Each structure stands twice: as C-alpha cells, then as structure tokens.
Amino acid sequence: MTDEAFSRAARTYGDTLFRVAYHALQNRADAEDVAQTVLLKFYRQGDALESEAHRKHWLLRVAVNCANRFHASPWRRRTEPLSEALSVPAPEGEDLWEELRRLPEKDRTVLHLYYYEDMTTEEIAQMLDRNPATVRSQLLRARAKLKKLLVEEG
C-alpha cells in the first residue's frame, strides 16, 4: 500500500472509526487508541480490498471487534472509567448525543451504525455476526429506549 493510499483512507475513515469506538467505549482516549489500532492493521494488511465499500466494511468491522476486545481486557475490568465531557460535536445536537450515551452499548452500536454510518440492517447483521431480524429487533428496542429517555428529559 502506498503512503498516499493510506493517508487518503485515514482522512476518509478516521473520524468514523473514532465515532464507532467512542460509542462502544464511552472514553475519548480509548476510542482514539482503537481507531489508531484499526488504521495500523489496515496499513499492515495492505491494499488487497476489492472496492471502497469493502474497505469501509472491513474497517468498521475491525473497529467493532477491537472495541469489543478492549471491553474484555483484564486491565479494563480492574479500572474505573473517568467521567469526561464529550467534546465531539454531534450532527443532531448535544441533547440527542448525550441521551445516546446513556443507552447500553449494544443499543448504541446498532443505532450508530444504522443512523450515523448509513448501514443497512443486513450489513450490520453481517458485521456483528447476528441475524438481520435480530438487528431489526435491537433497533426497534433501542429506538424505544431512546424515545423514553428523550420524553423523560422533556
């Protein structure tokens, strides 16, 4: 892979990888580490991916896997997260972004992939190794939880 191709991919997908990791981990520094790890894996993997869509899917899948492994690490289980204010601007506004952060990880992940990354339920299902019907059910439940949180907040 040329440095130019890698730089182009890093510029194109860097923010997306960070957002996916942040939704899963709820910590800016950890999300930056995951995004950097994904880009390093991409660089080492080379440019053997067939198309831009395949590249995006591969990067998002690796980001989700890295975030999941990060959750399972023994070191993370022995530490307490520091509370931090989210400094990443959200397109829909700060209130919605804050309410999304209050949802459980599996709900945040499917909502983020569906609405922020414009993935179909079939693509999400393939990425998360789930049945498409399961993803649709998770989206339905996650939307209901988010709506309840938004109504409670007024």
Side-chain angles (χ1 to χ4, degrees), residues 1 5-84 86-92 96-146 149:
M1 170 182 303
F6 174 75
S7 295
R8 187 174 52 252
R11 281 191 307 274
T12 303
Y13 299 111
D15 289 341
T16 300
L17 297 173
F18 172 79
R19 287 190 308 266
V20 167
Y22 190 88
H23 272 283
L25 301 172
Q26 296 295 298
N27 180 292
R28 183 178 183 86
D30 294 341
E32 289 171 350
D33 287 346
V34 166
Q36 186 175 22
T37 299
V38 172
L39 288 172
L40 181 60
K41 287 182 181 201
F42 175 68
Y43 186 78
R44 288 180 179 159
Q45 184 262 352
D47 200 19
L49 302 173
E50 302 149 9
S51 66
E52 195 65 29
H54 187 223
R55 181 177 294 120
K56 180 180 180 180
H57 178 79
W58 186 90
L59 287 166
L60 289 173
R61 179 66 188 164
V62 172
V64 169
N65 287 345
C66 285
N68 288 341
R69 277 195 297 278
F70 197 87
H71 269 299
S73 76
W75 183 83
R76 182 164 170 92
R77 285 181 291 199
R78 290 191 304 260
T79 61
E80 287 189 37
L82 296 173
S83 62
E84 67 176 341
L86 179 62
S87 61
V88 178
E92 286 77 17
L96 179 59
W97 189 259
E98 288 300 320
E99 295 307 320
L100 275 171
R101 290 183 67 205
R102 293 176 54 194
L103 292 173
E105 179 192 349
K106 70 177 186 174
D107 295 330
R108 283 193 315 265
T109 300
V110 295
L111 285 172
H112 178 83
L113 292 173
Y114 188 78
Y115 288 107
Y116 288 94
E117 305 308 328
D118 295 323
M119 296 179 74
T120 66
T121 55
E122 288 77 17
E123 291 170 330
I124 296 169
Q126 183 181 13
M127 178 178 290
L128 300 177
D129 294 325
R130 296 182 184 147
N131 186 316
T134 302
V135 171
R136 286 189 288 276
S137 295
Q138 287 177 322
L139 276 170
L140 187 66
R141 285 191 298 273
R143 286 184 197 119
K145 288 177 188 177
L146 182 59
L149 288 173

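Since the structure is predicted, the reported quantities are computational estimates derived from the model, not experimental observations. Because only heavy atoms are used, hydrogens play no part in the values below, and waters and symmetry mates are left out as well, while side chains stay in.
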*asked:* Go through it in stages, so that I can follow the logic: the residues are F6 and L39, the test is side-chain contact (heavy atoms from CB on, under 4.5 Å), and I'd like the CA-CA distance, side-chain angles, deciding distance and then a yes or no.
replied: CA-CA 8 Å; F6 174 75; L39 288 172; 4.1 Å; yes
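- Ring pair Y116/H112 is parallel by interplanar angle, where below 30° counts as parallel and above 60° as perpendicular.
- The side chain to side chain donor-acceptor pair (under 3.5 Å) with E52 is formed by just one residue from the set K56, H54, R55; it is R55.
- Atom CG in L25 sits 6.0 Å away from atom CZ in F70 (nearest 0.5 Å).
- Between V110 and L128 there is a side-chain heavy-atom pair separated by less than 4.5 Å.
- Separating the CH2 atom in W58 from the OG atom in S51 is a distance of 14.0 Å, to the nearest 0.5 Å.
- Other residues, nucleotides and ligands place more than 12 heavy atoms under 6.0 Å from the CD atom of E117.
- In this structure the side chain of E105 reaches within 4.5 angstrom of the side chain of N68, judged on heavy atoms.
- Expressed to the nearest 0.5 Å, how far OG1 of T120 lies from CG of L113 amounts to 10.5 Å.
- L60 and L17 get closest at one heavy-atom pair: N-CD2, 4.3 Å.
- Rounded to the nearest 0.5 Å, atoms CG (L100) and CD (Q26) are 9.0 Å apart.
- Taken from NZ in K106 to CG in L111, the straight-line distance is 12.0 Å, to the nearest 0.5 Å.
- You'll find the side chain of R108 stays beyond 4.5 Å of the side chain of Y22, heavy atoms only.
- With sequence neighbours excluded, the residues forming a side-chain contact (heavy atoms from CB on, under 4.5 Å) with T121 are Y114, V135, R136, L139, listed by chain and number.
- Of all heavy-atom pairs spanning A142 and L103, the tightest one is O-CD1, 4.3 Å.
- Judged as a side chain to side chain donor-acceptor pair (under 3.5 Å), and not counting sequence neighbours, the contacts of R102 are E99, E153.
- Here CG of N27 is found 8.5 Å from CG of D33. Values are rounded to the nearest 0.5 Å.
- Of all the heavy atoms in V38 and C66, the pair that sits closest is CG2-SG, 4.1 Å.
- Pairing each heavy atom of F42 with each of A9, the nearest pair is CE2-CB, 3.5 Å.
- Side chains of Q36 and L40 form no contact here, defined as non-hydrogen atoms less than 4.5 Å apart.
- By the salt bridge (Lys or Arg N to Asp or Glu O under 4.0 Å) test, K41 pairs with no residue at all, sequence neighbours left out.
- A67 and V34 get closest at one heavy-atom pair: N-CG1, 4.2 Å.
- Between R28 and E32 a salt bridge is recorded (basic side-chain N to carboxylate O distance below 4.0 Å).
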